[in-house]
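Numbering of ligands and ligand atoms starts at 1, following listing order. The chain is numbered in sequence order, starting from 1. Keep in mind it's a predicted model, so treat the numbers as computed, not measured. Just the heavy atoms: all of them, side chains too, but no hydrogens, waters or symmetry mates, feed the values below.
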Amino acid sequence: MSRIFSGIQPSGELHIGNYLGAVKNWVQLQDRYECVFCIVDYHAITGHYEPSDLRQRTFDMAVSLLAAGLDPDKCTLFVQSMVPEHTELAWILNTVTPLGELERQTQYKDKASRQESVLAGLLNYPVLQAADILLYRADLVPVGEDQVQHLELTREVARRWNAKFGVSYFPEPKPLLTPARRILGLDGQAKMSKSLGNTVGLLEEPEAIWEKLRPAVTDPARVRRTDPGTPEVCNIYHLHKGFSDQATVDHVAAQCRSAGWGCIDCKKVLLESMTRELGPIRERARDLEAHPARIAEILAQGAERCRTMARETMAAVKTTMGLV
Ligand code: SF4
């Protein structure tokens with residue numbers, strides 16, 4: 001069975017953007033592949049953060065992932081810092097990664113331009129990402145089309161290390177394209193992101209979700225109720241595609257194009273679909289939150305499984321490189 005690796009930032013409770021864009025897909029993948037899912041707290045410390053917040057956000061992310069359907073009997077879920085081999089391999093991979101490659105990374109350039117004094121951790125972030133994947137010798141990494149480029153550096157690092165030591169130990173991980181789900185923020189301006197305050201939390205109550213959906217941006221061409229719309233340009237339509245069944249999605253498109261209903265009608269139907277899917281997730285989350293020891297146990301077991309794989313990789317890497 002092919003092995004998949006994917007990581008997610010410990011940003012606290014999931015929002016519906018990262019649920020539809022990644023995690024809903026992970027839940028399906030765990031039935032078809034050997035999946036290793038990681039909460040990447042070492043990545044989260046490359047910017048400003050509060051230590052006590054980070055611990056809570058890591059816990060909340062674990063709750064969200066398990067409530068959303070990750071099953072510890074089908075996949076491995078763990079926290080990156082519980083497996084120190086990630087940073088050990090990252091150091092080794094730094095020694096085969098050209099500085100220029102890292103300086104060219106778009107994400108680095110964007111973030112560095114916003115930091116007063118740029119930290120080395122920010123520059124080396126993609127090397128740690130490469131280590132995350134190569135430590136488990138993963139065959140596949142689920143990515144959206146816009147992230148295929150990020151995986152290329154990992155493939156390059158694997159090639160360089162293999163070439164330097166004349167082996168083919170690290171497989172070059174391939175992208176496993178995630179079905180495209182371009183979920184914008186409710187302001188319609190940008191990607192859904194907590195820092196932009198344009199998200200809906202996965203565990204929010206229906207009343208709170210409605211307070212956000214009601215004023216959410218739709219097709220700007222629908223100024224009056226009688227104006228026909230274009231569903232493809234509307235974020236609410238894309239959310240329907242994530243949460244509603246196909247018959248409802250078709251109905252939404254027809255009603256929008258013919259101005260058969262108003263945007264508020266459309267949003268009410270979306271709220272029903274979201275409540276149907278998110279209600280059971282919310283209940284599971286409440287139950288998990290009431291049993292923090294169970295979460296700790298799941299993460300510890302996941303880390304132990306990962307350490308066994310990681311130790312094996314590091315032993316082979318060190319032997320190959322002449323390290324003791
Ligand atoms: S009817 Fe629905 S899909 Fe069409 S613009 Fe309004 S909210 Fe968007």
Side-chain angles (χ1 to χ4, degrees), residues 8 11-29 64 67-69 142-148 177-285:
I8 192 162
S11 53
E13 178 189 322
L14 278 173
H15 60 67
I16 59 170
N18 37 42
Y19 171 68
L20 292 179
V23 176
K24 195 170 171 175
N25 185 43
W26 291 5
V27 174
Q28 288 165 4
L29 294 177
S64 282
V143 287
E145 264 170 32
D146 53 339
Q147 300 159 322
V148 173
L177 280 184
T178 303
R181 292 223 189 284
R182 188 167 153 68
I183 305 300
L184 298 179
L186 294 182
D187 51 8
Q189 295 297 318
K191 200 173 150 187
M192 196 171 268
S193 152
K194 260 189 196 165
S195 57
L196 298 172
N198 60 9
T199 63
V200 174
L202 192 70
L203 309 179
E204 286 193 57
E205 297 289 340
E207 298 73 28
I209 296 178
W210 180 245
E211 284 309 305
K212 292 180 173 179
L213 277 188
R214 198 165 37 83
V217 169
T218 64
D219 175 1
R222 292 209 73 186
V223 179
R224 287 176 298 270
R225 162 77 174 70
T226 49
D227 293 332
T230 307
E232 289 77 13
V233 303
C234 176
N235 200 32
I236 298 297
Y237 176 66
H238 292 288
L239 287 171
H240 268 294
K241 289 214 274 187
F243 287 109
S244 299
D245 57 34
Q246 192 54 49
T248 305
V249 171
D250 294 344
H251 183 64
V252 168
Q255 292 289 86
C256 179
R257 283 188 227 285
S258 63
W261 67 8
C263 292
I264 288 291
D265 304 310
C266 183
K267 290 173 177 177
K268 281 182 183 162
V269 175
L270 174 61
L271 180 68
E272 280 171 26
S273 300
M274 288 176 69
T275 303
R276 205 173 304 122
E277 182 158 337
L278 301 183
I281 293 177
R282 208 164 46 243
E283 270 177 40
R284 279 198 294 275

message = Within the 4.0 Å heavy-atom shell around Cys234, which atoms of ligand 1 are there?
response = 3 (S), 5 (S), 7 (S), 8 (Fe)
query = Any idea which atoms of ligand 1 are less than 4.0 Å away from a heavy-atom of Asp219?
reply = 5 (S)
Glu232 vs Lys241, salt bridge (charged side-chain N to carboxylate O under 4.0 Å, His left out): CA-CA, chis, key distance, verdict = CA-CA 10 Å; Glu232 289 77 13; Lys241 289 214 274 187; over 6 Å; no
Which protein non-hydrogen atom lies closest to [atom], naming both residue and atom, and how far is it?
| atom | result |
| --- | --- |
| atom 7 (S) of ligand 1 | Thr218 CG2, 3.5 Å |
| atom 4 (Fe) of ligand 1 | Cys256 SG, 2.3 Å |
| atom 6 (Fe) of ligand 1 | Cys263 SG, 2.3 Å |
| atom 1 (S) of ligand 1 | Arg222 NH1, 3.1 Å |

ask   = Is Cys266 close enough that one of its N/O/S atoms sits under 2.8 Å from atom 2 (Fe) of ligand 1?
value = yes
task = Would you confirm whether Glu13, through its side chain, and Ser64, through its main-chain N or O, come within 3.5 Å as a donor-acceptor pair?
result = no
Side chain Asp227, main chain Arg224, donor-acceptor under 3.5 Å = yes
Enclosure of Lys212 NZ (heavy-atom neighbours >12, cutoff 6.0 Å) = yes
query = Does the side chain of Val200 reach to within under 4.5 Å of the side chain of Leu186, using non-hydrogen atoms?
reply = yes
ask   = Would you say the side chain of Gln255 lies within less than 4.5 Å of the side chain of Asp265, judging by non-hydrogen atoms?
value = no
query = At the 4.0 Å heavy-atom cut-off, does Lys267 count as touching ligand 1?
reply = no
